[in-house]
Amino acid sequence: PQNGRMPNGPMNGGMPNGPMNGGMPNGPQNGRMPNGPMNGGMPNGPMNGRMSNAPRPQKPPMDPGKKKKLFIIIGISAAVVVLVAALLIFLGTRRVNVDLNKYLDVNYSGYNGDGTAEVKFDSDKFEKDYKGKIKLTSKFKRTAKLFGIGVADTKKHPEKAFLELADPEIYASVTPEDKLSNGDTVTISWDDLGSMKETIEECFRVNLSASDKTEKVSGLDEVGKFDPFDGVTVKFDGVAPYISASIEGSDKEGIFSSYDYEIDKNEGLSNGDTITVSVPSDEDSFLLDEYGKIPSSYSKKFKVSGMNEYVSKADQIPADTLDAMKAQAESVIDSKVADEYQDGDTFNGKEFIGTYFMVPKKADQYSSEHNYMWLVYKAHGSNENTPDFTYYYAIGFKDLELTSDGKCNVDVTDYDLPYSDFYPNENEFNWYTGYKTLDDLHKDIVDANSADWTVEEAVTDTPDTATQTDSE
């Protein structure tokens with residue numbers, strides 16, 4: 001065989017006189033039966049599945065009702081697809097409404113009258129409500145860097161990132177926030193949120209609402225009270241108008257030891273004046289924490305009364321006091337006469353002719369003289385050279401005090417007798433203590449002190465006695 005073919009046999013494996021390429025002798029080529037169907041057709045039947053010369057079968061017509069239902073189903077299916085697509089787009093782009101007021105509250109603490117208010121935000125409830133609802137936008141990452149917010153865990157918990165950027169306890173405030181009492185009205189405001197509202201909305205694709213509101217304070221405990229002036233008194237010393245005041249009974253222990261008592265005026269006081277002793281109110285917080293009490297009052301008034309006062313007018317001096325001073329003055333004069341008059345000198349008597357009462361124009365509690373009462377006397381004398389002469393004495397008493405029972409105190413032994421002497425005439429060699437004329441006395445006692453003292457003058461000179469005229 002050439003090329004593997006058998007003589008008179010099948011080529012390429014065919015059988016002699018048999019089918020080529022596997023065909024049967026005189027049989028169908030390529031698997032077709034003679035006069036039969038090609039490609040599997042039946043003899044004298046249809047080619048390629050069609051019956052030759054046979055009528056084509058017809059499908060029965062569709063029921064119009066079923067056809068309508070089919071169109072409805074297709075329409076509904078298409079609408080559902082569109083709605084689902086639209087819903088997905090809406091859910092992916094819609095903004096979530098966030099009302100911060102819903103989670104904001106005010107906590108009140110302390111005592112009625114000294115309460116404090118503090119803004120509190122329920123972060124746990126907020127995170128629970130908005131978990132999976134708040135989404136981050138591309139702007140958040142840039143904003144987070146500006147505010148130092150970590151972004152590592154924010155994708156898993158955007159609601160936590162929201163509270164870091166929009167911390168309500170930072171942006172919300174309450175006023176007033178201290179010294180509160182039950183029933184007071186406070187205002188919760190979001191003034192500090194300001195321009196951050198828009199930034200927060202863009203970072204989380206939310207509609208943020210935070211409105212101001214007011215509410216009444218309640219729930220503050222009633223505070224205990226104590227009297228900080230229990231046992232505290234004011235001691236007055238001195239003579240009006242130079243009375244001084246000092247606090248006594250403030251050196252107590254316990255709750256009272258917290259105070260430094262203050263007095264508004266402690267010197268230069270007179271009867272009828274009122275002073276105020278006070279305790280500071282800024283110690284209340286400490287007292288509440290330490291003792292649970294605050295003062296029932298923060299000040300107490302004390303009136304100056306019953307204190308001696310310096311005589312300011314001559315008519316305030318009782319008659320018995322004036323008599324006592326006159327008795328002392330006359331005793332002083334008699335003593336001078338006894339000491340100075342010599343043999344041949346005769347003292348012919350004396351007479352009271354009035355007073356000069358003086359008070360300082362400028363009050364000074366440290367002065368040694370606070371008033372002066374000068375008693376003026378006219379004296380008569382004679383000697384071998386001058387049969388009759390007159391002269392004048394002035395004896396002063398200082399610091400006369402009126403008592404609460406209307407009496408007057410004066411130390412009559414503490415008197416002043418100004419040094420002055422005179423000669424009865426030009427040829428006289430004997431001198432005497434006193435003033436030769438009333439004008440001389442006035443110049444020394446009144447005129448010399450008029451710049452610093454106010455003087456009430458009540459002196460009336462008497463005419464010279466007839467004795468002098470007879471002796472002439």
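We number each residue from 1, following the sequence as shown.
Here the side chains of W374 and F397 are not in contact, with every heavy-atom distance at 4.5 Å or above. Taking 4.5 Å as the limit, some side-chain heavy atom of M325 sits within range of a side-chain heavy atom of L400. Counting only heavy atoms from C-beta outward, the side chains of T355 and V376 never approach each other to under 4.5 Å. Inter-residue side-chain proximity for L136 and C203 is flagged as unmet; no heavy-atom pair is nearer than 4.5 Å. When side chains are defined from C-beta on, I247 counts as touching V232, because their heavy atoms get closer than 4.5 Å. Two residues are said to be in side-chain contact when any heavy atoms from C-beta on lie closer than 4.5 Å; Y242 and L269 fail this criterion. By the 4.5 Å heavy-atom criterion applied to side chains, I188 and L104 are counted as neighbours. The side-chain heavy atoms of N430 and Y423, taken from C-beta on, include no pair separated by under 4.5 Å.
Rounded to the nearest 0.5 Å, atoms CG (N425) and OG1 (T386) are 3.5 Å apart. Atom OG of S278 and atom CG of D260 lie 11.0 Å apart (nearest 0.5 Å). Considering NZ of K135 and CZ of R95, their distance stands at 15.5 Å, rounded to 0.5 Å. Rounding to the nearest 0.5 angstrom, the gap separating the CD atom in E198 from the CG atom in L193 is 11.5 Å. S312 OG to Q316 CD: the interatomic distance, rounded to the nearest 0.5 Å, is 4.0 Å. Rounded to the nearest 0.5 Å, atoms NZ (K300) and CD1 (I263) are 13.0 Å apart.
No side-chain donor-acceptor contact under 3.5 Å links Y171 to the backbone of S189. Checking side-chain atoms of S296 against main-chain N and O of F226 turns up a donor-acceptor pair under 3.5 Å. In this structure a side-chain-to-backbone donor-acceptor pair under 3.5 Å is present from T137 to E202. Looking only at distances, a side-chain donor or acceptor of E340 sits under 3.5 Å from a matching main-chain atom of T433. Of the possible polar contacts, none joining the N308 side chain to the V239 backbone as a donor-acceptor pair under 3.5 Å is found. Within the 3.5 Å criterion, the main-chain N or O of N182 finds a donor-acceptor partner in the side chain of N112. With hydrogens and angles disregarded, no donor-acceptor distance shorter than 3.5 Å links the side chain of K443 to the backbone of A448. The closest donor-acceptor contact from the side chain of E290 to the backbone of L287 lies at 3.5 Å or more, if one exists at all. For N371 (side chain) and V359 (main-chain N/O), no donor-acceptor pair under 3.5 Å exists by modelled atom type. No donor-acceptor distance shorter than 3.5 angstrom exists from the side chain of D230 to the backbone of D227, with no hydrogens or angles considered.
For an aromatic pair to be called close, the ring centres must be under 6.0 Å apart, and H380 with F347 fails this. Between Y435 and F422, a ring centre-to-centre spacing not shorter than 6.0 Å is recorded. Residues F357 and Y372 keep their aromatic ring centres 6.0 Å or farther apart.
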Side-chain donor-acceptor pairs of residues 326-337 under 3.5 Å, sequence neighbours excluded:
from: E330; atom 1: OE2; to: Y377; atom 2: OH; distance (Å): 3.0
from: D334; atom 1: OD1; to: K350; atom 2: NZ; distance (Å): 2.8

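Residues that satisfy the salt bridge (Lys or Arg N to Asp or Glu O under 4.0 Å) test with E401, not counting sequence neighbours, are absent from this structure.
Judged by distance alone, the side chains of E248 and Y261 never bring a donor and an acceptor atom under 3.5 Å apart. With hydrogens and angles left out, the side-chain atoms of Y356 and N449 include no donor and acceptor closer than 3.5 Å. Side-chain contact check for T185 and K216: at least one donor-acceptor pair (N or O, by modelled atom type) lies under 3.5 Å. Residues T116 and S109 have side chains that bring a donor and an acceptor to within less than 3.5 angstrom of each other. T462 and E351 share a side-chain donor-acceptor pair at under 3.5 Å. Residues D440 and T437 have side chains that bring a donor and an acceptor to within less than 3.5 angstrom of each other.
Summarising the local packing, NZ of K179 is surrounded by more than 12 heavy atoms from other residues, nucleotides or ligands at distances under 6.0 Å. Surrounding CG of D343 are at most 12 heavy atoms belonging to other residues, nucleotides or ligands under 6.0 Å away. Open room surrounds OH on Y415; 12 or fewer heavy atoms of other groups in view lie less than 6.0 Å from it. No more than 12 heavy atoms of other residues, nucleotides or ligands shown are found within 6.0 angstrom of NZ on K293. The environment of K361 atom NZ is dense: over 12 non-hydrogen atoms of other residues, nucleotides or ligands sit within 6.0 angstrom.
For the pair P418 and I445, the tightest heavy-atom approach, listed with the atom from each and the gap, is CG-CD1, 3.6 Å. The two residues N101 and A210 come nearest to each other via the heavy atoms OD1-CA, 3.6 Å.
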Side chain to side chain contact (heavy atoms under 4.5 Å, CB included), that's the test. Do Y111 and L220 meet it? Break it down for me. CA-CA 5 Å; Y111 294 87; L220 296 175; 6.0 Å; no

Begin with the C-alpha distance, continue with both residues' side-chain angles, and end with the deciding distance and a verdict on ring pair (Phe, Tyr, Trp, His ring centres under 6.0 Å) for F162 and F126. CA-CA 10 Å; F162 178 92; F126 178 87; 5.2 Å; yes

Run the side chain to side chain contact (heavy atoms under 4.5 Å, CB included) test on V410 and D399 for me, step by step, so that the C-alpha distance in whole Å, both residues' side-chain angles and the decisive distance to 0.1 Å come before the verdict. CA-CA 7 Å; V410 59; D399 293 342; over 6 Å; no

Check against salt bridge (charged side-chain N to carboxylate O under 4.0 Å, His left out), E127 and K160: CA-CA 7 Å; E127 292 177 8; K160 294 182 180 291; 3.0 Å; yes

Decide yes or no on side chain to side chain donor-acceptor pair (under 3.5 Å) for T413 and D411, but give the supporting numbers first. CA-CA 5 Å; T413 63; D411 184 1; 2.5 Å; yes

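Relative ring orientation between H370 and Y310 is described as parallel, the plane-to-plane angle staying below 30° on a 0-90° scale split at 30° and 60°. Ring planes of F140 and F204: tilted class, angle from 30 to 60°. Ring-plane geometry between Y341 and Y432 is classed as tilted, the angle between the planes lying from 30 to 60 degrees on a 0 to 90 degree scale. Taking the six-membered ring for Trp and thresholds of 30 and 60 degrees, Y103 and F121 have ring planes inclined between 30 and 60 degrees apart.
In summary, E159 and K131 do not engage in a salt bridge, as defined by a charged side-chain N under 4.0 Å from a carboxylate O. Between D461 and K378 there is a salt bridge, with a side-chain nitrogen of the basic residue lying less than 4.0 Å from a carboxylate oxygen of the acidic one. With respect to E118 and K120, a salt bridge is recorded, a charged nitrogen being found less than 4.0 Å from a carboxylate O.
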